[in-house]
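What's counted below: heavy atoms across the whole structure, side chains too, no hydrogens, waters or symmetry copies. Each ligand, and each atom within it, is numbered from 1 in the order the structure gives. As the structure is a prediction and not an experimental result, all values here were calculated from the model.
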Amino acid sequence: MGLPRGFLAVYNADRNFDFLTPLRYFPATSAEETNGICAHEDGNLITFVLQDGVGGLEVLDGGGGWIPADPVEGSIIVNIGDIVQVLSNKRFKSATHRVVRKPAAHRHSLAFFFNLHGDKWIEPLPEFAGNVGEAPRQWRSLKRNQGRARLKEA
Ligand SMILES: O=C(O)CCC(=O)C(=O)O
Ligand SMILES: [Fe+2]
């Protein structure tokens, strides 16, 4: 992010709100909706995802199309969440993504959510909004537990 090394570990030193979740997606059938998880943005700082070889995770591109995040053995997907979007004054966009189930295959993934304490104060960092010539602030300040709706409307 162009910030001093270790910035996020200091900004967000409380590890009590992180969680790690194993996910299993059943095979798609012709009789039902094929979405495993519908389009969303993660409301946290950063999510790390390990996925098996089945595939199905997709990221929305600027033109409204979906780009498959095809499995690459030994890799971890790093997903930017809403809070990094606010801290960076939208220089880093919270990625819209979804999971589409595949026919005839169970998919497994492991997602680690790097989260923030609900009372943590969030606002664009001066590194992204405070300097002459920088983009004006796109978000007002808020506490984490004031929710995503406030982030969006700001
Ligand atoms: O299973 C995946 O690959 C992604 C899961 C996800 O987007 C989420 O749990 O927020
Ligand atoms: Fe997600």
Side-chain angles (χ1 to χ4, degrees), residues 1-3 6-9 11-125 128 138-154:
M1 291 176 70
L3 295 166
F7 174 86
L8 285 180
Y11 171 77
N12 181 26
D14 185 346
R15 298 275 56 76
N16 287 312
F17 293 82
D18 296 345
F19 59 87
L20 177 69
T21 178
L23 296 157
R24 177 185 184 184
Y25 301 86
F26 284 82
T29 69
S30 55
E32 60 187 341
E33 173 62 49
T34 57
N35 267 343
I37 299 185
C38 60
H40 68 283
E41 295 89 36
D42 293 347
N44 59 338
L45 279 149
I46 296 174
T47 309
F48 300 94
V49 179
L50 276 167
Q51 60 173 336
D52 64 14
V54 171
L57 178 61
E58 298 182 343
V59 182
L60 191 64
D61 72 17
W66 290 97
I67 305 166
D70 289 330
V72 176
E73 200 170 333
S75 70
I76 295 176
I77 292 160
V78 179
N79 195 21
I80 301 288
D82 288 345
I83 296 173
V84 165
Q85 175 168 295
V86 174
L87 294 179
S88 72
N89 204 27
K90 219 173 180 178
R91 185 159 327 153
F92 295 90
K93 168 82 178 72
S94 176
T96 304
H97 56 285
R98 68 180 183 182
V99 178
V100 177
R101 283 160 43 211
K102 302 285 185 186
H106 290 255
R107 175 176 185 268
H108 300 83
S109 64
L110 199 55
F112 176 76
F113 294 87
F114 181 58
N115 286 340
L116 205 59
H117 190 298
D119 281 337
K120 184 78 181 176
W121 197 250
I122 306 168
E123 61 186 352
L125 298 168
F128 296 97
Q138 307 213 17
W139 315 95
R140 65 167 174 268
S141 307
L142 74 166
K143 280 190 180 176
R144 167 74 189 108
N145 61 9
Q146 286 177 295
R148 281 175 79 183
R150 296 275 311 267
L151 293 185
K152 299 277 182 198
E153 99 192 14

Hey, are the side chains of [X] and [Y] touching, using non-hydrogen atoms and a 4.5 Å cut-off?
{"X": "Val78", "Y": "Phe48", "value": "yes"}
{"X": "Ile37", "Y": "Arg98", "value": "no"}
{"X": "Tyr11", "Y": "Leu116", "value": "yes"}
{"X": "Asn12", "Y": "Lys120", "value": "no"}
{"X": "Leu60", "Y": "Trp66", "value": "yes"}
{"X": "Leu3", "Y": "Leu8", "value": "no"}
{"X": "Lys102", "Y": "Arg107", "value": "no"}

For ligand 1, list every N/O pair with the protein closer than 3.5 Å, one pair per line with the distance.
from, atom 1, to, atom 2, distance (Å)
ligand 1, 1 (O), Tyr25, OH, 2.5
ligand 1, 1 (O), Arg107, NH1, 3.1
ligand 1, 1 (O), Ser109, OG, 2.7
ligand 1, 3 (O), Arg107, NH1, 3.2
ligand 1, 3 (O), Arg107, NH2, 2.8
ligand 1, 7 (O), His40, NE2, 3.3
ligand 1, 7 (O), His97, NE2, 3.0
ligand 1, 10 (O), His40, NE2, 3.1
ligand 1, 10 (O), Asp42, OD1, 3.2

So if I apply the side chain to side chain contact (heavy atoms under 4.5 Å, CB included) rule between Phe114 and each of Asp42, Ile83, Leu45, which one comes out positive?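 Running side chain to side chain contact (heavy atoms under 4.5 Å, CB included) over Asp42, Ile83, Leu45 with Phe114 returns exactly one hit, Leu45.
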Between Phe26 and His106, ring centroids under 6.0 Å: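 Between Phe26 and His106, the centre distance is under 6.0 Å.
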Within a radius below 2.8 Å of the Fe ion (ligand 2), how many protein N, O or S atoms are present?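 Atoms of protein N, O or S type lying less than 2.8 Å from the Fe ion (ligand 2) total 3.
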